[in-house]
Protein chains: 2
Amino acid sequence: MATIRDIARKSGYSVTTVSRVLNHQKYVSPAAKAAIEAVIEQLDYVPNSLARDLSFGQNKNIGVVLPHNDHPYFNQLLNGIMDAAFSSGYHIVLLPSEYNQTIELDYLEQLKRKNFTALIFASHGLALSVLEDYTRYGQIVCCENPGQHHISAVYSHREPAYLAAFNYLKIQQVTQMGLLLSRNSVQSPTWVAVTTAYQQVFSCQPDAKLMIGGMRSFEDGYHAAKHLIAQQPTLNCYFTNGDDIAAGVRQYHLDHQLAPPLLIGQEKQLSSLLLKIPTIDHHFFTLGQKAFAVALSNHHQICRFESEFILC
Amino acid sequence: MATIRDIARKSGYSVTTVSRVLNHQKYVSPAAKAAIEAVIEQLDYVPNSLARDLSFGQNKNIGVVLPHNDHPYFNQLLNGIMDAAFSSGYHIVLLPSEYNQTIELDYLEQLKRKNFTALIFASHGLALSVLEDYTRYGQIVCCENPGQHHISAVYSHREPAYLAAFNYLKIQQVTQMGLLLSRNSVQSPTWVAVTTAYQQVFSCQPDAKLMIGGMRSFEDGYHAAKHLIAQQPTLNCYFTNGDDIAAGVRQYHLDHQLAPPLLIGQEKQLSSLLLKIPTIDHHFFTLGQKAFAVALSNHHQICRFESEFILC
DNA sequence: ATAATTTATGAAACGCGTCCCAGGTCAAGA
DNA sequence: TCTTGACCTGGGACGCGTTTCATAAATTAT
């Protein structure tokens, strides 16, 4: 494997001049350029990225920390990020965390080791204050409201859409509903936003017995409906954290000759289109695009998008 | 940012000894180890990955070349790869290509530049002979039958499942069907496998007028049905390259009061479950896991999986 | 007691580009 | 004629771990 010094020796020019040719810099005579390029061609030389990265002090990798990849939220976000990264010269590195704090912390340590130029945090197992600590080692973009923390952020403003959805249900005379959310933690931003909106519309706390976390898939929705119906046979309305979850609920009702339930989905997936389930679009693709742009910029910025309630 | 030399100076030991401590090597006295670790702690030192990679001659990144990420094929494959890569110490780098040969070639060049340790090719815009040329720069795993080419491969054997699906349709007295495939090229492996199986079952070539390529989504299926029905109003059977595409076809029939069509989907997605569409499972998750394992091993190997026709 | 190992430790080279700075040429402006 | 400045080229330090090789002390084997 030829090195830049081989090219220099064989062409009769110095390493510096070869480097100038490689980087298309000024101050190289046409003769030198031609001679050097000929040798490069002849020796089939390409510069070593590892050496270049060390010299430059950083590589061109942007890490994306996300719990997993089988949820439309992450998928759409990732597609947006990839779209923005395409032909930027930067690479997207997938960093699954399963919400495991130790693993997420390890990714932050890798930022410190210069394994990445920047990190996009779509997961949030860690406290924001921890992320904040690591911003000195590289740009960190989180995908939720950073509050008082000095972290760049790109996130969707969910509350108005949640209010619109609950108001829609209120008009339908709904008195009780299942809440099928994805995160398990009561402190998670989603959980807080949902219960706050619920309280605002219905003037009371949602029934804790009808709230279930950890929902992700069609199957999860199906089982959740089964579980809830067992203890509340008249239940006929569900607010869910994803269209597929809602589809699962509907399927359970269908399979057991129950009246079609009133559903609210999220993510604007195919299933909401197929089954005419009202949904909430959080514009994750656009969010991902923006997240990448912020990751590359090296100043602090916060960008909020508005979620949208869609009554198809 | 402290370097290993800072640690050496401050601890009174040599760079070599510090390196030994960092890499948990033998031949370090307990005293030296303790002293050095104390200084490392004190200066908040972590080794620089870029320097380490240069010294080692390679990094720990595995590139995954795929056309895009919004198709279940790639999604499931990617999830399998990520699953296998998890806690392996290696990182998965997403390399979208849009089937663009120039871009794919660029990724191969990056392998040469040591930007990746290995590449998994889930896209196939390039000829296999080109991939073969680059295997000398690192392991390359392709996700299709490599034929005579000396390239490691992990792929699904689709023919038997296709035969089963066509036989199923034949028993249903089907005489004409739309073929909605995803690749545009007539030479693509999928296209060849489908037409071969068709011919074997029906003893004739599929009607070229009823074949459409470039199918990917629900919307694509919907529009394809519209297009085909316009020129063949009695058409009532479709073999598709994805459950969502089949779902789109079904929706078109529903919307226009046409008899429910006979459908074959692929990928075992949610829509096939919801709409009871017979599907073909190519076990992409397992495939992805294996692809990663092969990417890490540095000897040539070929691994074939059997696709499965599922009549739900 | 002597030879053969094993253990400890460090100087310096290596991997391979990038870049600062110094030195020299040549033409346009004062 | 003298300055000034753009143009061209190269030596060598730098970024930062890893690793080879040499040296010396401490054990173990013979």
Side-chain angles (χ1 to χ4, degrees), chain A residues 1-37 39-40 43-61 89 109-117 137-138, chain B residues 1-40 43-60 89 109-117 137-138:
Chain A
M1 194 100 278
T3 74
I4 197 172
R5 278 168 240 273
D6 294 328
I7 306 299
R9 201 174 313 124
K10 189 142 187 170
S11 68
Y13 285 92
S14 73
V15 169
T16 310
T17 303
V18 176
S19 179
R20 284 205 190 87
V21 171
L22 288 170
N23 295 293
H24 310 103
Q25 291 175 4
K26 280 170 50 175
Y27 305 139
V28 179
S29 66
K33 185 165 186 244
I36 289 168
E37 279 174 347
V39 177
I40 286 174
L43 296 189
D44 192 28
Y45 167 79
V46 286
N48 182 319
S49 295
L50 303 174
R52 207 169 235 189
D53 288 345
L54 171 62
S55 190
F56 189 54
Q58 61 171 49
N59 60 19
K60 295 213 155 201
N61 293 336
E109 280 293 315
Q110 290 187 37
L111 177 67
K112 187 170 168 186
R113 289 166 188 232
K114 298 186 183 294
N115 231 327
F116 315 111
T117 296
Y137 302 117
Chain B
M1 193 98 280
T3 74
I4 197 172
R5 277 167 240 274
D6 295 328
I7 307 299
R9 201 173 314 125
K10 189 142 188 172
S11 67
Y13 285 91
S14 72
V15 168
T16 311
T17 304
V18 176
S19 178
R20 283 205 191 86
V21 170
L22 288 170
N23 296 293
H24 310 102
Q25 291 175 6
K26 281 171 50 177
Y27 305 139
V28 179
S29 66
K33 183 163 188 245
I36 289 169
E37 279 174 347
V39 177
I40 286 174
L43 296 189
D44 191 28
Y45 167 79
V46 286
N48 182 319
S49 295
L50 303 174
R52 209 167 235 192
D53 289 346
L54 171 61
S55 192
F56 189 53
Q58 61 171 50
N59 59 20
K60 294 213 156 201
E109 280 293 316
Q110 290 186 37
L111 177 67
K112 187 170 168 184
R113 289 167 189 232
K114 298 185 183 296
N115 230 328
F116 315 111
T117 295
Y137 301 117

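In the text below, chain A, chain B and the rest are named by the order of the sequence lines, each starting its count at 1.
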(request) Let me know which of A:Ile4, A:Asp6, A:Ile7 forms a side chain to side chain contact (heavy atoms under 4.5 Å, CB included) with A:Val15. (result) A:Ile4
(request) Would you kindly check whether a donor in the side chain of A:Thr16 faces an acceptor in the base of C:dC19, or vice versa, at under 3.5 angstrom? (result) yes
(request) Under 4.0 Å between any heavy atoms, over every strand shown, what does A:Asp53 touch: base, sugar-phosphate, or nothing? Just pick one. (result) nothing
(request) Hey, could you give me the CZ/CG distance between B:Arg52 and B:Leu22, rounded to the nearest 0.5 Å? (result) 6.5 Å
(message) I want to check one thing: is the phosphate of C:dT18, taken as OP1 and OP2, less than 4.0 Å away from some side-chain N or O of A:Arg52?
(response) yes
(message) Just the rounded figure in Å: distance from C1' of D:dA13 to CD1 of A:Ile4.
(response) 15 Å
(message) Here's a test of your reading of the structure: between B:Val15 and B:Leu54, which maps to the more 5' nucleotide of DNA chain C?
(response) B:Val15
(message) If you assign A:Lys114 and B:Gln25 each to the DNA chain D nucleotide with the nearest heavy atom, which residue ends up on the more 5' nucleotide?
(response) A:Lys114
(message) Tell me the interatomic distance from B:Met1, atom CE, to D:dC16, atom C1', rounded to whole angstroms.
(response) 13 Å
(request) Would you kindly compare A:Phe56 and B:Ala31 by the position of their nearest DNA chain C nucleotide and give the one closer to the 5′ end? (result) B:Ala31
(request) Describe the nucleic acid contact of B:Ser19 in one word from base, sugar-phosphate, nothing, applying a heavy-atom distance below 4.0 Å. (result) base
(request) Report yes or no: does B:Ser11 contribute a side-chain atom to a donor-acceptor pair with the main-chain N or O of B:Val39 at less than 3.5 Å? (result) no
(message) At 4.0 Å (heavy atoms only), tell me whether A:Ala8 reaches a base, stays on the sugar-phosphate, or touches nothing.
(response) nothing
(message) If the cut-off is 4.0 Å, is B:Thr17 near the phosphate of C:dG10, judged by side-chain N/O to OP1 or OP2?
(response) yes
(request) Using atom CZ of A:Arg5 as one end and atom P of D:dG12 as the other, report the distance to the nearest whole Å. (result) 12 Å
(message) Rounded to whole Å, please give me the gap between CG in A:Leu22 and P in C:dC16.
(response) 14 Å
(request) Verify the contact: side-chain N or O of A:Ser29 to OP1 or OP2 of D:dT9, cut-off strictly under 4.0 Å; return yes or no. (result) yes
(message) Counting only side-chain nitrogens and oxygens, does A:Ser14 get under 4.0 Å of the OP1 or OP2 atom of D:dG10?
(response) yes
(message) Quick check on D:dA24: is either OP1 or OP2 less than 4.0 Å from any side-chain nitrogen or oxygen of B:Tyr27?
(response) no
(message) For A:Leu50, is there any backbone N or O sitting under 3.5 Å from a side-chain donor or acceptor partner on A:Asn48?
(response) yes
(request) Specify the separation, in whole Å, of atom CZ of B:Arg9 and atom C1' of C:dA11. (result) 15 Å
(request) Grab the two heavy atoms, one from A:Ser14 and one from A:Ala8, that are nearest each other, plus how far apart they are. (result) C-CB, 3.7 Å
(message) Heavy atoms from C-beta onward define the side chain here; which of D:dT18, C:dC19, D:dG15 lies closest to that of A:Ser55?
(response) D:dG15
(request) Look at the side-chain N and O atoms of A:Lys26 and state whether any lies under 4.0 Å from the OP1 or OP2 oxygen of D:dC7. (result) yes
(request) Would you mind reporting whether A:Glu109 and B:Val46 have side-chain heavy atoms less than 4.5 Å apart? (result) yes
(message) Tell me whether the side-chain N or O atoms of B:Arg20 pair up with the base of C:dG10 as donor and acceptor below 3.5 Å, since no angle test is needed here.
(response) yes
(message) Expressed as a whole number of angstroms, how long is the span from A:Leu50:CG to D:dT18:C1'?
(response) 14 Å
(message) Under 4.0 Å from OP1 or OP2 of C:dG15: is there any side-chain N or O of A:Asn48 that close?
(response) no
(request) Give the rounded distance in Å between these two atoms: CG of A:Asn23 and P of C:dC16. (result) 17 Å
(message) Expressed as a whole number of angstroms, how long is the span from B:Ile36:CD1 to D:dG17:P?
(response) 14 Å
